[in-house]
Structure formats: C-alpha cells, structure tokens
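Worth saying up front: this structure is predicted, and the values here are computed from it rather than measured. Letters A, B, ... mirror the listed sequences (proteins, then strands); counts begin at 1.
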Number of protein chains: 2
Amino acid sequence: MQKLAQVFKALADESRLRILNIILASGELCVCDIEAIMGFSQTKVSRHLAYLKRARLVDDRRQGLWMLYSMAKPKSEEHRQLLDCVKAILEANAVTKRDVARLSKNIKKGCCVTFTAVRPNSIPLTLKLN
Amino acid sequence: MQKLAQVFKALADESRLRILNIILASGELCVCDIEAIMGFSQTKVSRHLAYLKRARLVDDRRQGLWMLYSMAKPKSEEHRQLLDCVKAILEANAVTKRDVARLSKNIKKGCCVTFTAVRPNSIPLTLKLN
DNA sequence: TAACTATATTTGCTTAAACGAATATACTGA
DNA sequence: TCAGTATATTCGTTTAAGCAAATATAGTTA
C-alpha cells in the first residue's frame, strides 16, 4: 500500500513520465540516448531512472559500458495489472509526441550504441513511430 | 501531459489513496464520515479532497450542510480510461481493508447523515463489504 | 437576525524532492 | 595498469508538499 503510493510518486513527475514513455516507445534505451532525446543532464536522467527502477516500473541490464532500460517485466499478477494500466494510460495520453519524433531522428543518425549493436534484440521501433 | 503528472501526484500520497479507496468502496461519503473512519483532522480531509477534485478524480455535490464526494464521472473517453485504471488498481491492491471495516461499523452506528438521508441514492454498500 | 454545524481556506512551520556540480564506480581497450 | 567512456552517487541549495491551528464561508434552524 505504501508501495502503491510509491509507484504513483514515481509517475508523479513530468520528466519521469516522459522518460518512461520514450522507453516504452522504443522498447529499450541506454542512458545517453535518453539524455540526447530529452536534453537532460546525465545526472538527471540517471537519478530519474533509479527512481523508476525502485518503483519497479523499469528493468535494467548492462551491455558493456551501457545500461539499457526497458519497461519492467511483471513479477506477479498484481504487478502485471499495474504495468498494463500504466502502459495503457501513457499510450492513451500520447504523452510526448515530440520526444518520439526526436527518438526517430536519433535512430536515423545511429546515436550511441542502442540503435546499432543492441537494437536488434528489442521491440521493432517502426511499429510505434509515424 | 502536465495534467497527467498532476493526476499521478494526486495519487502519490497514502492518505489520499486511502480516502479515494474508501469513497470508491462506499459510493459516496461526506467529509465528516471520512474524518471518523480515518481518524484524520477536518483540515486534512478537506485539503486532500480538494486535491483529488482538482485532479478530477472525485466529484462533489452539496446536500444541505454536507458535501458529498464520489468517484468522478468520466468527462471524456481518455478520462474514462484513466478512471477505470485507477479503480482497477485500487481494487486489485485491496488497499485498506481496515478502513473498509471501520466504514462498515460506522454504517451500523448511522454516523452522520450520509448513511441515513442520503445513502439511498448511492451505490448499495453491502455489495462491497464483507 | 443570531447561533450553530459542516466544510474550506489561510498561515507559519517542517520535511521531502528536484536540481546542477562535483565526485565515484564500472567496464573497455591499449 | 592506465586512459577513456558510460553511468551512479553524493553534496549543498532551492522549491514544493504535508501538517496543525486558526480563521473564514455556506447553509440550517430557531
């Protein structure tokens, strides 16, 4: 219950919502890509990602130097339902089209490694971009 | 978008979650009933209700001296989806069984007016209590 | 009108959250 | 093992949120 409030706290910040949304849209992103897309400082992105992770909204994995973040995989039925709701709300509110546009640009530029070495493993981006 | 963060802010506090949950469980409640059930000060309840109302999570209506609060009626398709998600999450997390138990006691005592003059109009309580 | 009840708002204080700058850690390749 | 890159954490400061106590407002009843 305090845990639920904690999840909502994690969602109660525009920067984190935007970060979560862009992670959801791309499937998986490294920190420096998020920095580039949002124009946030490294510190800020990292701090917010830690916050989202603590609330079990994102998972991370290391790939060499890079930490890659994706939407959390559900750990229980309750958790799955929560994550589904969050995804549905983000998608319905079409939060940050501008961020997604920048994401698309970065992909074309081949920014960082996410879009070259790593991307093949993750969700196809073209599905969500227009 | 800032609006969405605002909604999550409204949910990002344990007191407000408990209040919202008890309103959802009862159908409709006046301020003094919430005070009694939660053991919160009048100021605190009123402030949190104002917060929930600003975020369009609850509606209010006046009934004589009493202000009665209920879950918001959806004003748009997006809004409906959001409210449904919030309800589903609250129900799945069975947030505050103890509050609901106290609510049930108060009903038997006939606390305030909510349960006498006004209650007939609102959702039958027995459905949600056990 | 006046006294009363339920609720809302203001004030002043304390605690938490966000931020940038600086520093630390983790991994890589020479 | 050293230099370099990506990310995480700490520190000090500023801003927001929660609270209780006091006060204000709105409706009721006499």
Side-chain angles (χ1 to χ4, degrees), chain A residues 2 5-20 23 28-55 57-70 106 110-118, chain B residues 2 5-20 23 28-55 57-70 106 110-118:
Chain A
Q2 314 87 309
Q6 201 54 43
V7 172
F8 286 126
K9 260 180 207 157
L11 295 166
D13 176 276
E14 192 173 340
S15 299
R16 282 194 293 273
L17 273 186
R18 285 176 61 195
I19 290 173
L20 192 61
I23 287 174
E28 192 172 41
L29 278 180
C30 69
V31 178
C32 68
D33 283 326
I34 298 174
E35 286 173 55
I37 293 163
M38 316 283 262
F40 288 168
S41 72
Q42 185 270 319
T43 303
K44 181 168 171 173
V45 172
S46 189
R47 202 165 0 92
H48 281 310
L49 285 168
Y51 209 129
L52 290 170
K53 189 185 166 189
R54 239 177 296 134
L57 287 166
V58 299
D59 290 335
D60 60 354
R61 70 183 179 98
R62 182 172 281 279
Q63 174 92 355
L65 283 177
W66 296 273
M67 291 298 295
L68 303 181
Y69 287 86
S70 53
N106 277 29
C111 158
C112 187
V113 168
T114 315
F115 304 112
T116 57
V118 178
Chain B
Q2 314 88 309
Q6 201 55 43
V7 171
F8 286 126
K9 260 181 209 158
L11 295 167
D13 175 275
E14 193 172 340
S15 299
R16 282 193 294 272
L17 274 185
R18 285 176 61 195
I19 291 173
L20 192 60
I23 288 173
E28 192 172 43
L29 278 181
C30 68
V31 178
C32 66
D33 283 326
I34 298 174
E35 287 174 53
I37 292 164
M38 318 282 262
F40 288 168
S41 70
Q42 186 269 319
T43 304
K44 181 167 170 173
V45 173
S46 190
R47 199 172 0 95
H48 282 309
L49 285 169
Y51 210 130
L52 290 170
K53 188 184 168 191
R54 240 179 295 133
L57 288 166
V58 299
D59 289 335
D60 60 353
R61 69 183 179 99
R62 183 172 279 279
Q63 175 92 356
L65 283 177
W66 294 273
M67 291 298 295
L68 302 180
Y69 287 86
S70 53
N106 276 30
C111 158
C112 188
V113 167
T114 314
F115 304 113
T116 57
V118 179

Handout entry: Which nucleotide in dT7(D), dT7(C), dG18(D) has an atom nearest any side-chain atom of Trp66(A)
Key = dT7(D)
Handout entry: Distance, nearest 0.5 Å, that separates CZ of Arg62(B) from SG of Cys30(B)
Key = 12.0 Å
Exercise for the section: Verify the contact: side-chain N or O of His48(A) to OP1 or OP2 of dC19(C), cut-off strictly under 4.0 Å; return yes or no. Expected result: yes
Exercise for the section: Report the distance from atom CD of Glu14(B) to atom P of dA17(D), rounded to the nearest whole Å. Expected result: 18 Å
Exercise for the section: Measure the distance from CG on Leu49(A) to C1' on dT9(D) and round it to the nearest whole Å. Expected result: 14 Å
Handout entry: Minimum heavy-atom distance between Glu14(B) and Ala5(A), given as atom pair plus value
Key = N-CB, 4.0 Å
Exercise for the section: Report yes if at least one side-chain N or O of Arg16(B) is closer than 4.0 Å to OP1 or OP2 of dG18(D); otherwise report no. Expected result: yes
Handout entry: Distance, rounded to the nearest Å, where Tyr69(B) contributes OH and dA6(C) contributes C1'
Key = 11 Å
Completion exercise
In whole angstroms, the gap separating C1' of dA17(D) from CG of Asp13(A) amounts to 14 Å
Exercise for the section: For His48(A) and Ser15(A), work out which heavy atoms get closest and say how close. Expected result: NE2-CB, 3.8 Å
Completion exercise
Taken to the nearest whole Å, CG/Leu68(A) to C1'/dC27(C) is 14 Å
Fill in the blank from the handout: note: Leu52(B), atom CG; dA8(C), atom P; distance rounded to Å ~ 12 Å
Practice task
With rounding to the nearest 0.5 Å, note down the distance linking CG in Leu49(B) to CG in Leu57(B).
Solution key: 11.5 Å
Practice task
At under 4.0 Å between heavy atoms, which parts of nucleotides 22-30 of chain D does protein reach? Answer with one letter per nucleotide, 5' to 3': B base, S sugar-phosphate only, - none.
Solution key: B----BS--
Practice task
Please state whether the phosphate of dT7(C), meaning OP1 or OP2, lies under 4.0 angstrom from any side-chain nitrogen or oxygen of Ser46(B).
Solution key: no
Exercise for the section: Please round to the nearest 0.5 Å and tell me the distance separating atom CD1 of Ile34(B) and atom CZ of Arg18(B). Expected result: 11.5 Å
Handout entry: CG-CG distance between Asp13(B) and Leu20(B), expressed to the nearest 0.5 angstrom
Key = 11.5 Å
Handout entry: Five-pair end axes of the helix from dT1(C)-dA30(D) to dA30(C)-dT1(D), angle between them (10°)
Key = 20°
Completion exercise
Scanning both residues in full, the closest heavy-atom pair of Met38(B) with Ile19(B) reads CE-N, 3.4 Å
Exercise for the section: Figure out the CZ/C1' separation between Arg47(A) and dA21(C), and round it to whole Å. Expected result: 11 Å
Handout entry: Which nucleotide in dT7(D), dA6(C), dG18(D) has an atom nearest any side-chain atom of Glu35(A)
Key = dT7(D)
Practice task
Looking at every strand, decide which applies to Phe40(B) at a 4.0 Å heavy-atom threshold: base, sugar-phosphate, or nothing.
Solution key: nothing
Fill in the blank from the handout: Rounded to the nearest 0.5 angstrom, the CG-CD1 distance for Asp60(B) and Ile23(B) is 10.0 Å
Practice task
Specify the separation, in whole Å, of atom CD1 of Ile19(B) and atom P of dG18(D).
Solution key: 11 Å
Practice task
Specify the closest pair of heavy atoms between Gln6(B) and Ala55(B), including all atoms of both residues, with the distance to one decimal.
Solution key: O-CB, 4.3 Å
